[in-house]
Amino acid sequence: MNFTKMHGLGNDFIVVAGEQELPGNASELALDLCNRFFGIGADGLVYILPSDNSDFAMRIINSDGSEAEQCGNAIRCVAKYVYDNGMTDKTEITIKTLGAGVQKVGLTVEGGKVQTVRVDMGQPVLNGLQVPTTIDADPVVNYPVEVDGKTFLFTAVSMGNPHCVIYVDDAASFDLETWGPKLENHPLFPRRINVEFVTVNSRSQADMRVWERGAGPTLACGTGACATLVASVLNGVSDRQSTVSLKGGDLFIEWNEEDNHVYMTGPAAVVFSGKR
Ligand SMILES: N[C@@H](CCC[C@H](N)C(=O)O)C(=O)O
């Protein structure tokens, strides 16, 4: 099996191309290959597949073996992979995802290689039952969730995959390891949830740390950054364009008022290629 290890702001993936469909044992492979001690090590296993209604399709399996509907950092890596490896010469491509449909992706190329990628991440889903949460409200803004006697207020957003955004005093020093897994698995969230802890520093910049469903603490989350911007606009603390600063670096996010789509711009990088 040939693979390329890639990352988007330190959110790392084992990228595999050339299969015609998702292998039946993709979940077991992800558990095995993503293991940081006994495997290659990654937050997820990503397959680039053919598609009948877009240029490419992408599927992502989290490091715990569960499949995610969408991944913002992985879609930028997929875009870089297909262009840099000559699978397309277009700088505007479409990539189909499991949960967010066909997404339009624009590539910025320098020296023959993709440097940054802008992705139309589609419209956010704000209906509580559709995110999904167990809450019948639209949108779910500043809703209480209690864990171990502590109450957090969250805003729920789906970007194809589910997120809950929680504002804290200092995201950079927040105790992710204690609260992340408890929130991820809380009964309010029937398909578990990605949890973003956010500190808004200005109307155009926020710090965010993430506990990802199925992967734990990662250095960055593209869909999480999009959910953060949407939640911050809903909470009246951000403009519609903002830099979201993650542990691994910055993403630029826009929630466009005219088409209601969220646009994400950021880098993608290759670490190494190998065979297993
Ligand atoms: N890191 C990703 C999201 C990956 C999937 C997530 N763990 C889930 O289960 O929804 C991103 O960059 O968006």
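Computation of the quantities below employed the complete heavy-atom set of this structure, encompassing side-chain atoms and omitting hydrogens, waters and symmetry-equivalent molecules. Since we're looking at a predicted model, the values are computed, not measured. Numbering of ligands and ligand atoms starts at 1, following listing order.
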*Verify the distance criterion only: is there a donor paired with an acceptor across the side chains of Glu254 and Asn256 at less than 3.5 Å?*
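Checked: Glu254/Asn256 side chains pair up, N/O donor to acceptor below 3.5 Å.
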_Verdict with reasoning, Ser242 to Ser204, per side chain to side chain donor-acceptor pair (under 3.5 Å)_ = CA-CA 4 Å; Ser242 179; Ser204 58; 5.9 Å; no
Which of the numbered atoms in ligand 1 are below 4.0 angstrom from a heavy atom of [X]?
X: Thr223; result: 3 (C), 11 (C), 12 (O), 13 (O)
X: Gly222; result: 11 (C), 12 (O), 13 (O)
X: Gly72; result: 11 (C), 12 (O), 13 (O)
X: Asn62; result: 5 (C), 6 (C), 7 (N), 8 (C), 9 (O)
X: Asn73; result: 11 (C), 12 (O)
X: Ala68; result: 5 (C), 8 (C), 9 (O), 10 (O)

If you have a sec, work out which protein heavy atom is nearest [atom] and how many Å separate them, to one decimal?
atom: atom 6 (C) of ligand 1; result: Asn194 OD1, 3.3 Å
atom: atom 3 (C) of ligand 1; result: Glu212 OE1, 3.4 Å
atom: atom 2 (C) of ligand 1; result: Cys71 SG, 2.9 Å

*Can Arg59 and Glu19 be counted as an ion pair, charged N to O under 4.0 angstrom?*
no
*Are Lys150 and Phe152 in a cation-pi contact, defined as NZ or CZ under 6.0 Å from the six-membered ring centre and within 45° of the axis?*
yes
_Could you go through Phe13 and Tyr47, starting from their C-alpha distance and side-chain angles, then the distance that decides it, and tell me whether this counts as ring pair (Phe, Tyr, Trp, His ring centres under 6.0 Å)?_
CA-CA 10 Å; Phe13 309 102; Tyr47 282 88; over 10 Å; no
*Does Gly214 come within less than 4.0 angstrom of ligand 1, counting non-hydrogen atoms of the residue?*
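For ligand 1, residue contact (heavy atoms, under 4.0 Å) with Gly214 is absent.
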_Just to check, does Gln70 reach to within less than 4.0 Å of ligand 1 when the distance is taken from its heavy atoms?_
yes
*asked:* Enumerate the side-chain hydrogen bond (donor to acceptor under 3.5 Å, both in side chains) contacts for residues 156-167, please, sequence neighbours excluded, ordered by first and then second residue.
replied: Asn161-His163, Asn161-Thr223, His163-Glu196, His163-Thr223, Tyr167-Ser232
*Report yes if some heavy atom in the side chain of Lys5 is under 4.5 Å from a heavy atom in the side chain of Phe272; otherwise report no.*
yes
*Taking side chain as C-beta onward, heavy atoms only, is Ile166 less than 4.5 Å from Trp179?*
no
_Below the 3.5 angstrom mark, is there an N/O of Ile60, backbone or side chain, next to an N/O of ligand 1?_
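The answer is no, given that Ile60 and ligand 1 share no N or O pair closer than 3.5 Å.
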_Straight-line distance of Asn185 CG to Arg213 CZ, nearest 0.5 Å_ = 11.0 Å
*If you measure from atom 1 (N) of ligand 1 to every heavy atom of Asn11, Ile61, Ile193, which option wins on shortest distance?*
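Closest candidate by heavy-atom distance is Asn11.
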